[in-house]
Student: 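Pasting in a structure now, in structure tokens, and then I'll have a few things to ask.
In what follows, chains carry the letters A, B, and so on, assigned in the order in which the sequence lines appear, proteins first and then strands, with residues in each chain numbered from 1. Only a predicted model underlies this, so the values are computations on that prediction, with no experimental measurement involved. No hydrogens, no waters, no symmetry mates; every other heavy atom, side chains included, goes into these values.
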Protein chains: 2
Amino acid sequence: MTTKEYTAEQERLARFAKAMGHPARIAILEFLAAQECCFFGDIHEVLPISKATVSQHLSELRDAGLIQGTIEPPKVRYCINRENWATARRLFAGFFKENNREKGECCP
Amino acid sequence: MTTKEYTAEQERLARFAKAMGHPARIAILEFLAAQECCFFGDIHEVLPISKATVSQHLSELRDAGLIQGTIEPPKVRYCINRENWATARRLFAGFFKENNREKGECCP
DNA sequence: TTTGTTGTTCGCAAAATAACGAACAATTCT
DNA sequence: AGAATTGTTCGTTATTTTGCGAACAACAAA
């Protein structure tokens with residue numbers, strides 16, 4: 001009861017989900033996914049929060065691996081991290097897969 | 001820049017994602033999705049955390065609408081909330097849909 | 001060199017999360 | 001009535017999250 005840990009997949013899925021657990025970060029990801037990529041300023045323009053806060057949200061998304069940023073003086077270009085994005089999609093799809101549920105409503 | 005809010009869909013998706021943002025809650029959801037439903041004790045048995053903490057995680061999943069619990073003295077039966085579960089699946093699927101991205105790697 | 005532009009980082013504060021043991025509530029069993 | 005079983009709730013502690021303004025850093029332009 002003390003050392004039962006979680007599987008690596010559960011940890012990874014939770015990590016991605018956590019990163020997506022704020023409307024601002026959802027908005028950022030949608031924006032980036034649609035634009036392929038863009039600059040910090042473009043993202044900030046679209047959000048109702050200060051640039052400091054935007055920067056923090058971007059950091060969290062980067063730490064979670066969902067996006068990546070490259071300095072392009074004097075700007076910073078952000079893009080979706082396609083590789084991890086695909087991993088996330090796969091994990092979520094698997095999670096919501098039509099389940100091994102049988103007939104009845106509830107177990108006896 | 002001050003009153004730009006998030007869309008209802010973004011808020012809902014973020015709400016679901018946030019609820020899924022912890023490995024224990026992922027484990028609970030996977031367990032319930034596989035079993036159709038079961039008692040509190042069955043869930044607690046599978047997790048490496050105290051019953052008080054399990055109860056809290058279950059509350060959060062219930063508040064997010066992903067599960068539902070019914071008292072069945074002296075036990076409590078928990079099930080996936082199929083309706084909201086389907087909504088979540090739809091929202092996540094839409095989110096990860098193959099994107100409106102065109103040719104090039106990055107915008108100019 | 002001075003000025004601008006563009007983002008990040010640094011405090012800081014308030015709120016939310018995560019976790020636990022102990023106490024409590026509800027119901028069944030003896 | 002008294003004991004046992006099953007979860008929830010309470011009180012507490014530690015950590016994380018969210019948010020902002022102000023200060024800072026890096027480079028381009030004047």
Side-chain angles (χ1 to χ4, degrees), chain A residues 1-6 10-11 14-29 31-32 37-64 66-79 106-108, chain B residues 1-6 10-11 14-29 31-32 37-64 66-79 107:
Chain A
M1 205 207 288
T2 34
T3 28
K4 261 171 275 158
E5 276 313 312
Y6 306 106
Q10 287 171 339
E11 303 261 14
R15 186 80 180 76
F16 285 133
K18 190 175 182 181
M20 292 171 58
H22 190 290
R25 295 197 288 269
I26 292 291
I28 291 171
L29 291 172
F31 190 71
L32 283 178
C37 68
C38 59
F39 299 116
F40 175 93
D42 304 326
I43 300 172
H44 178 218
E45 240 177 16
V46 178
L47 297 178
I49 52 183
S50 76
K51 59 181 181 170
T53 306
V54 171
S55 195
Q56 278 190 184
H57 282 307
L58 288 170
S59 288
E60 290 180 44
L61 289 172
R62 188 160 22 73
D63 292 347
L66 287 171
I67 68 173
Q68 57 199 94
T70 61
I71 300 174
E72 220 159 298
K75 300 190 171 185
V76 179
R77 183 190 300 280
Y78 281 98
C79 316
C106 271
C107 39
Chain B
M1 203 208 289
T2 34
T3 29
K4 263 171 278 160
E5 276 313 313
Y6 307 106
Q10 287 171 338
E11 303 261 15
R15 187 79 180 76
F16 285 133
K18 188 175 183 181
M20 291 171 58
H22 191 291
R25 295 197 288 268
I26 292 291
I28 292 171
L29 290 172
F31 191 70
L32 282 179
C37 68
C38 59
F39 299 117
F40 175 94
D42 303 326
I43 300 171
H44 178 217
E45 241 177 15
V46 177
L47 298 178
I49 52 184
S50 76
K51 59 182 181 169
T53 306
V54 171
S55 196
Q56 277 191 183
H57 283 306
L58 288 170
S59 289
E60 291 178 43
L61 290 172
R62 188 160 22 73
D63 292 347
L66 287 172
I67 67 172
Q68 57 198 91
T70 60
I71 299 173
E72 222 159 295
K75 299 189 172 185
V76 178
R77 183 191 301 278
Y78 280 98
C79 314
C107 38

Student: Among the nucleotides D:dT18, D:dT8, D:dT6, which one has an atom lying closest to any side-chain atom of B:Ser55?
Tutor: D:dT8
Student: Report the nucleotide, chosen from D:dT6, C:dG7, D:dG19, that has the shortest atom-to-atom distance to any side-chain atom of A:Val76.
Tutor: C:dG7
Student: Of all the choices, D:dT6, D:dA22, C:dA18, which nucleotide is nearest to the side chain of B:His57 once you look at every atom?
Tutor: C:dA18
Student: Nearest of D:dC20, D:dT18, C:dT8 to any side-chain atom of A:His22?
Tutor: D:dT18
Student: Show your working on side-chain contact (heavy atoms from CB on, under 4.5 Å) between B:Ile28 and B:Phe31 and close with a plain yes or no.
Tutor: CA-CA 5 Å; B:Ile28 292 171; B:Phe31 191 70; 5.7 Å; no
Student: Would you please test A:Arg62 and A:Tyr78 for side-chain contact (heavy atoms from CB on, under 4.5 Å) and show each step?
Tutor: CA-CA 9 Å; A:Arg62 188 160 22 73; A:Tyr78 281 98; 4.3 Å; yes
Student: Give B:Lys51 one of three labels, base, sugar-phosphate or nothing, depending on what nucleic acid heavy atoms sit under 4.0 Å from its own.
Tutor: base
Student: Classify A:Glu60 by what it touches in the nucleic acid, base, sugar-phosphate, or nothing, heavy-atom distance under 4.0 Å.
Tutor: sugar-phosphate
Student: Taking the side chain of A:Arg25 as heavy atoms from C-beta outward, which of C:dT8, C:dC20, D:dT18 is closest to it?
Tutor: D:dT18
Student: How many Å lie between CZ on B:Phe40 and P on C:dA26, as a whole number?
Tutor: 17 Å
Student: Look at the side-chain N and O atoms of B:Tyr78 and state whether any lies under 4.0 Å from the OP1 or OP2 oxygen of D:dT8.
Tutor: yes
Student: Calculate the interatomic distance between A:Asp42 atom CG and C:dG7 atom P; express it in whole Å.
Tutor: 8 Å
Student: Should B:Arg25 and B:Glu60 be marked as a side-chain contact (heavy atoms from CB on, under 4.5 Å) after you check the CA-CA gap, both sets of side-chain angles, and the distance that decides it?
Tutor: CA-CA 9 Å; B:Arg25 295 197 288 268; B:Glu60 291 178 43; 3.0 Å; yes
Student: For a side-chain contact (heavy atoms from CB on, under 4.5 Å) check, start with the C-alpha distance between A:Thr70 and A:Val76, then their side-chain angles and the critical distance, and finish with the verdict.
Tutor: CA-CA 6 Å; A:Thr70 61; A:Val76 179; over 6 Å; no
Student: Could you tell me the separation between the CD1 atom of B:Ile71 and the P atom of D:dT6, rounded to a whole number of Å?
Tutor: 16 Å
Student: Looking at the side chain of B:Pro73, which of C:dT8, C:dT27, D:dT17 is the nearest nucleotide?
Tutor: C:dT27
Student: Both A:Gln56 and A:Arg62 contact DNA chain C. Taking the nearest nucleotide for each, which residue is further toward the 5' end?
Tutor: A:Arg62
Student: Are the side chain of B:Ser55 and the backbone N or O of B:Lys51 linked by a donor-acceptor pair below 3.5 Å?
Tutor: no
Student: What integer distance in Å separates B:Glu45:CD from D:dT5:P?
Tutor: 15 Å
Student: Side chain of A:Ser50 only, heavy atoms from C-beta on: which candidate in C:dT6, C:dT8, D:dG21 is closest?
Tutor: D:dG21
Student: Write down the distance between NE2 (A:His44) and P (C:dT5), rounded to a whole number of angstrom.
Tutor: 16 Å
Student: Using atom OH of B:Tyr6 as one end and atom C1' of D:dG19 as the other, report the distance to the nearest whole Å.
Tutor: 11 Å
